[in-house]
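Data block below; observations after.
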There are 2 protein chains.
Amino acid sequence: MSISSYGFSDSEPERSIRLVKNNPPYNAACEKCSSRHISLCNVLDADELKKFSKISTNFHKNAKQIICSEDENADHIYNIKSGAVRISKMLSDGRRQITGFLFAGDFFGLSCKDRYSYTAEAITDVSICRFPRAKIIKSFQDFPALGERAFDMTRTELESTYDQMLLLGRKTAKEKLCTFLFTMWQKSDRPGVTNKDEVPIPMSRSDIADYLGLTIETISRQFTHLHKLGLIELDGAHKVFLKNPAALSAMAEGD
Amino acid sequence: MSISSYGFSDSEPERSIRLVKNNPPYNAACEKCSSRHISLCNVLDADELKKFSKISTNFHKNAKQIICSEDENADHIYNIKSGAVRISKMLSDGRRQITGFLFAGDFFGLSCKDRYSYTAEAITDVSICRFPRAKIIKSFQDFPALGERAFDMTRTELESTYDQMLLLGRKTAKEKLCTFLFTMWQKSDRPGVTNKDEVPIPMSRSDIADYLGLTIETISRQFTHLHKLGLIELDGAHKVFLKNPAALSAMAEGD
DNA sequence: ATAGATACTTGACAGGGGTCAAATTTGTCC
DNA sequence: GGACAAATTTGACCCCTGTCAAGTATCTAT
């Protein structure tokens, strides 16, 4: 079964279709977008945003729905307003590699070919805005700062993939999970997280395994191991408390 | 021993210093650059190239010399005119991951931070031109096509890192080496390679191992294994003949 | 609240690739 | 061209992580 058998248009919820139909002259949602300050468009002033918002469409996806699929026409760029998304590639026999987890403020889909080279799926319920590819590329010319911002974000993403390659190629299972947890902790000073030690883990063990190049059993064993070492506390499978972030970080680098 | 103890300035050969001193009003080398048609600057017309070439400096490095180091100030962008370069990151205990091999036409060093996040070393003798970071970013504004070209090349690089993450996280040793050899074969229709089956392998077994997340012993064993399967012939360690590229490609994907 | 499905954890065992060591080939420098 | 060093190959052995299986916890829907 190919993952591309689930097309975007098939899984498009009715809600977003209504939004498209009622699309105002400019997208009022942009002005009050909660992730605007950390998104691609944060370099635009009020006037520019007003113009830019005309090409934006908002929609929601429920957890587990596909946002775009490998080998599908790369017609849109997606910007996450809230929720978590996983980006993955698959081999023909079903082996999967998750190349990244994306959150509010992240964008994806700016392919260099005319087809997506990966699949994006909602981990949690997500709120997303998207832009037609041709129009956003035009916008990069109309608003050079926007193009520079997209370039910057792409370079940042590229550098983080280098770190992930070091992890995948050279770190042990324990180091991999420590790296993952510490990174999630660094990202977790967001609204909704009150406790400084608390790290919400929206994705499943299976997702973590496919992100770190391990199996779910190894992930589970390493969680248990870190717990026995006193480095973490678990409250269910999706909430972790880091008891010693510094030690975890050191362990992540093999020290 | 930190790799950053070898600074760029320490290993700068005298030859390139003379070149800097004799720098003409514009860099005549750009006009007749052999890698111009595949490089960053291939979007510039003759006039633009003349202006752009003023910020370029040419130099050579011998095999094994360091071009730039992790944590060093990211002052320059480097463009490879000929030869092969490896990009790597290291853990504190010496474990190394090579994130990519670069060849004529490739560029590197366009960091999003003020320090390089990786080390670049010459695998063969290399001919390189470089540009001060601040000036090339200015050039992206003066010549928008240049910025777009850099952005395109960065996105292409990003997509190839996704493939490499799939390889590192989910492929077997055999599949990894098949992928590597097939990719090198695809890149090898370059001047200097006459035989259609011939693939020059400039890098060492150690480099290949650190690129594929394996050890040199495993690389060596897999070379022997592929030879016994009749898929490759070896002429020394640095020249491979692909006897059946299609089968190798299928094996690279696990089919 | 209960039942079934799904997700996660734990255990037993095995194998792919790592480690250590030695032999062989290739490259380099007078 | 010969000698030494470096790189590569090959062999023996083992461990980390994967596989297979069973048990436990959590989630979802009535």
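Residue numbers begin at 1 in each chain, while the letters A, B, ... track the order of the sequences.
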*Would you tell me if any nitrogen or oxygen in the side chain of B:Thr215 comes within less than 4.0 Å of OP1 or OP2 on C:dG18?*
yes
_Whole-Å gap separating P (D:dG18) and CZ (B:Arg170)_ = 7 Å
*asked:* Looking at A:His76 and A:Arg130, would you say the former's side chain and the latter's main chain have a donor-acceptor pair under 3.5 Å?
replied: no
*Find the distance A:Asp210:CG to D:dG18:P and express it as a whole number of Å.*
11 Å
*Given atom NZ of A:Lys64 and atom C1' of C:dA5, what is their separation to the nearest angstrom?*
10 Å
_Contact summary for A:Leu177 and A:Phe223, nearest pair of heavy atoms_ = CD2-N, 3.6 Å
*Which residue pairs pass the side chain to side chain donor-acceptor pair (under 3.5 Å) test with at least one member in residues 94-106 of chain B, sequence neighbours excluded?*
A:Glu175-B:Arg95, B:Asp93-B:Arg95, B:Arg96-B:Asp207, B:Arg96-B:Asp210
_Rounded to whole Å, how long is the line connecting atom CZ of A:Arg95 with atom C1' of D:dT19?_
14 Å
*Decide yes or no for B:Cys68 and B:Phe108: does some side-chain heavy atom of the first lie under 4.5 Å from some side-chain heavy atom of the second?*
yes
*With the side chain counted from C-beta on, respond yes when B:Thr161 and A:Met165 share a heavy-atom pair under 4.5 Å apart, and no when they do not.*
yes
*asked:* Can you see whether A:Ser34 engages A:Lys81 through a side-chain donor-acceptor pair at a distance of less than 3.5 angstrom?
replied: no
*Indicate yes or no: at least one non-hydrogen side-chain atom of A:Val85 is less than 4.5 angstrom from one of A:Ile123.*
no
*When the distance from CZ of B:Arg205 to P of C:dG27 is rounded to whole Å, what number comes out?*
11 Å
_Terminal axes of the helix from C:dA1-D:dT30 to C:dC30-D:dG1 (five pairs each): angle between them, nearest 10 degrees_ = 60°
*Reference residue B:Glu121; test side chain to side chain donor-acceptor pair (under 3.5 Å); the match among B:Arg86, B:Lys64, B:Lys61*: B:Arg86
*How long is the line joining CG of A:Leu177 and C1' of D:dC16, in whole Å?*
16 Å
*Output yes when a side-chain donor or acceptor of B:Ser111 lies under 3.5 Å from a complementary backbone atom of B:Ala74, and no otherwise.*
no
*Taking the six-membered ring for Trp, are A:Phe107 and A:Tyr78 ring centroids under 6.0 Å apart?*
no
*How would nucleotides 22-30 of chain D be written as a contact map, 5' to 3', with B for base contact, S for sugar-phosphate-only contact and - for no contact, using protein heavy atoms under 4.0 Å?*
---------
*Side chains of A:Gln222 and A:Leu212: closer than 4.5 Å at any heavy-atom pair?*
no
*Indicate yes or no for a side-chain donor-acceptor contact from A:Tyr118 to the backbone of A:Gly109 under 3.5 Å, with no hydrogens or angles considered.*
yes
*Find the distance B:Leu214:CG to C:dG16:C1' and express it as a whole number of Å.*
11 Å
*Among residues 247-255 of chain B, which residues get a heavy atom nearer than 4.0 Å to DNA chain C?*
none
*Interface residues of residues 216-235 of chain B with DNA chain C (non-hydrogen, below 4.0 angstrom)*: B:Glu217, B:Thr218, B:Arg221
*Judged by atom type as modelled, is there a donor-acceptor pair below 3.5 Å linking the side chain of A:Asn79 to the main-chain atoms of A:Cys129?*
no
*Want to settle it: does B:Ser204 or A:Lys174 sit nearer the 5' end of DNA chain D, counting the closest nucleotide to each?*
B:Ser204
Return all side-chain donor-acceptor pairs below 3.5 angstrom for residues 240-255 of chain A, not counting sequence neighbours, or 'none' if the list is empty.
unit_1: A:Asn244; atom_1: OD1; unit_2: A:Ala247; atom_2: N; d: 3.1
unit_1: A:Asp255; atom_1: OD1; unit_2: B:Ser92; atom_2: OG; d: 2.6

*asked:* In this structure, how many angstroms lie between the P atom of C:dC29 and the CG atom of B:Asn62, rounded?
replied: 11 Å
